[in-house]
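Below: one structure, written as structure tokens.
Worth knowing before you read on, the calculation uses all heavy atoms, side chains too, and leaves out hydrogens, waters and symmetry mates. The shown structure was predicted, so the numbers you read here are calculated from the model rather than taken from an experiment.
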Amino acid sequence: MAPRTSSWPVWSGILSTDNNIKSADDWIEARRQEDGADELWRIHDGLYNLEQWIPKHPGGSQWLEITKGTDITELFESYHINSNAATAVMHKFYVRPTESPRKSPFTFKPDGFYNVLKSRVAKKLSSVDSDNYHIKSMLVVDTYYLFALVLCVGMAQTENFFLALLTGIVLALGTVASHNFTHLKDNWRMYYVQLVLLSVREWRISHVLSHHIYTNTVQDLEMSLLYPFIHWFPTTDKPFTVRLFPYLTPIIYPFIIPGQLVIRTFKCNNNKADLLMFVIPAILMFCGQMTISSVIIAWLVVVLTSSFMFTFIGFSASHHFPDNFHDGDYVSDESIDWGIHQINTSAERNEPINNIFITIATFGDHTLHHLFPALDHSLIPLLKDTFEDTCKEFGLDLTPKSCTTIMRGQFKQLSRVTPNNPKKDRTDIKLDNNI
């Protein structure tokens, strides 16, 4: 199939938007061919050689190893709240200016929304002991996984398949919670996601480098990988099964994560971390008297349930409300502040329970998390006042919607084929502080 057309013409017809991109590695390889980084790392309009920095990188080596040969501008800006300090380090690795303009339409003007907000957030956090907050999120995710493993032992002892269903639900909540650690510097908790068949490396590409940076665009793998079974774009090529029967799409949720494992295996992209997926069946096998067939059935129930729950929570979190921007909608300016794009693609959710056990396991406080993905989720609530004040200053609407409204909205978006017009619906948005 041909590459998709995009709201931004610069992305129309390039490799990484092709419908035949079916894996994270396909996408990152296409990016290397089209970003103009010449086997280096591109930031704005400069090329940097970070080979010597890989083992010293505070965030861990994997981030730089994966992104070699690509444009990491958005990643650099959003993952370094203190941009001045990071820029000072980068000067040592500067090689030369680029020869071609950036493919991305997003900007980071000094007086634009995102940089203004980021400077205020940096000041806010300068007096905060982040380690104390980080302990909270560690305890939360450890609790979810400990509970899931205890349920596994109980299932092995009793052969109660209801416990398999419950284990899958708890594992899904824990996986959402542990996704926090896949955004942070390399750490052992990020490998929790491997228990439900996800791959840390693939997740960092498809979720962090693709979805978080290019949210709801043709560059967002979480938008395109499931085509034609799920089609979020408001375009006329939407399959009639999706358009007319959107409430049937959850049928495929149980098979999404296992399907990624199948593709990964078929492409020989497995690694040693994938062995962690056998933790659950090993517990079932050695902590009770279950037969091999019972172990396989119970494991399938756990895996399919966790895939369903994880996918449902993810799709219901924030992005697929029909008023949000989805590629194919009209844009009022082909270059837009990256922070404003994150707001345009996220519905502000009214969190009914202000508890970290709930918010971290349901992708809560989602807009702020997208704006500052490198921050531990326990720190996000501290930024709400600063965020709301800055949005008010720039004329950005943060009217919250209920969880159920957003949840229903995802199915309306699946049916939507008519592009939204920002000139009609978003006339109050300001792109710069001085407009």
Side-chain angles (χ1 to χ4, degrees), residues 135-182 187-203 207 250-266 268-316 355-358 360-363:
I135 291 173
K136 293 181 181 179
S137 56
M138 289 190 291
L139 289 174
V140 169
V141 72
D142 289 348
T143 299
Y144 274 115
Y145 276 93
L146 179 60
F147 186 29
L149 296 180
V150 169
L151 287 171
C152 280
V153 174
M155 178 172 37
Q157 294 286 331
T158 64
E159 297 191 38
N160 185 335
F161 283 85
F162 174 75
L163 292 181
L165 188 68
L166 190 57
T167 300
I169 293 172
V170 175
L171 271 178
L173 295 174
T175 302
V176 177
S178 64
H179 124 276
N180 172 65
F181 294 90
T182 63
N187 63 90
W188 65 266
R189 283 182 176 83
M190 69 185 185
Y191 291 104
Y192 274 143
V193 302
Q194 301 272 172
L195 270 65
V196 296
L197 313 188
L198 284 171
S199 160
V200 171
R201 183 180 180 279
E202 279 197 351
W203 175 259
H207 183 72
I251 291 173
I252 74 164
Y253 291 2
F255 309 102
I256 289 177
I257 294 179
Q260 291 303 302
L261 173 64
V262 171
I263 293 173
R264 188 161 72 246
T265 303
F266 180 77
C268 299
N269 290 330
N270 300 91
N271 53 54
K272 292 180 180 179
D274 281 321
L275 294 174
L276 290 172
M277 70 181 178
F278 296 111
V279 168
I280 300 298
I283 291 175
L284 297 175
M285 178 70 72
F286 298 112
C287 292
Q289 303 297 320
M290 298 179 72
T291 63
I292 292 178
S293 59
S294 294
V295 168
I296 293 174
I297 293 172
W299 187 30
L300 281 174
V301 172
V302 170
V303 167
L304 297 179
T305 301
S306 60
S307 178
F308 176 88
M309 283 296 298
F310 180 83
T311 305
F312 183 79
I313 293 171
F315 287 167
S316 304
N355 182 287
I356 190 171
F357 271 90
I358 303 299
I360 198 174
T362 58
F363 294 114

Separation between [atom1] of [X] and [atom2] of [Y], rounded to the nearest 0.5 Å:
X      : Y      : atom1 : atom2 : value
Ile263 : Ser199 : CD1   : OG    : 12.5 Å
Phe162 : Leu151 : CZ    : CG    : 9.5 Å
Ile356 : Lys136 : CD1   : NZ    : 6.5 Å
Ser306 : Ile257 : OG    : CD1   : 5.5 Å

Is any side-chain heavy atom of [X] closer than 4.5 Å to a side-chain heavy atom of [Y]?
X      : Y      : result
Pro258 : Leu304 : yes
Ile313 : Met309 : yes
Leu261 : Met277 : yes
Thr143 : Phe357 : yes
Ile360 : Ser137 : yes
Met190 : Trp203 : no

Report task. Determine the sole option in Leu198, Val196, Leu171, Leu173 for which the side chain to side chain contact (heavy atoms under 4.5 Å, CB included) test with Phe310 is passed. Result -> Leu198
Report summary line: From the list Ile292, Val295, Ile297, side chain to side chain contact (heavy atoms under 4.5 Å, CB included) with Leu284 holds only for Val295
Report summary line: Applying side-chain hydrogen bond (donor to acceptor under 3.5 Å, both in side chains) to Ser294 and not counting sequence neighbours gives Thr291
If you compare all heavy atoms of [X] against all heavy atoms of [Y], which two are closest, and at what distance to 0.1 Å?
X      : Y      : result
Leu163 : Gly154 : CD1-C, 3.6 Å
Ala164 : Val302 : O-CG2, 3.5 Å
Ala361 : Tyr144 : CB-OH, 3.6 Å

Requested in this report: Check the pair Val193, Phe181 against side chain to side chain contact (heavy atoms under 4.5 Å, CB included), reporting the backbone distance first and the verdict last.
Outcome: CA-CA 10 Å; Val193 302; Phe181 294 90; over 6 Å; no
Report task. Sequence neighbours left out, what pairs pass side-chain hydrogen bond (donor to acceptor under 3.5 Å, both in side chains) with at least one residue falling in residues 154-177? Result -> Tyr145-Thr175
Query - Parallel, tilted or perpendicular, as decided by the 30° and 60° cut-offs, for the rings of His207 and Phe363 - result: tilted
Report task. Apply side chain to side chain contact (heavy atoms under 4.5 Å, CB included) to the pair Leu149 and Val153, showing each step before the final yes or no. Result -> CA-CA 6 Å; Leu149 296 180; Val153 174; 5.8 Å; no
Query raised in the report: Can you name the residues that form a ring pair (Phe, Tyr, Trp, His ring centres under 6.0 Å) with Tyr253, not counting sequence neighbours?
Result: Phe308, Phe315
Query raised in the report: Taking Thr362 for the side chain and Ile358 for the main chain, is one N or O donor matched with an acceptor at less than 3.5 Å?
Result: yes
Report task. Kindly check if the number of other-residue, nucleotide or ligand heavy atoms within 6.0 Å of CG (Leu275) is above 12? Result -> yes
Query raised in the report: Can a donor-acceptor pair be found between the side chains of Gln194 and Asp274 at a distance below 3.5 Å?
Result: yes
**Report entry** Chi angles and distances behind the side chain to side chain contact (heavy atoms under 4.5 Å, CB included) call for Gln260, Leu197
**Finding:** CA-CA 8 Å; Gln260 291 303 302; Leu197 313 188; over 6 Å; no
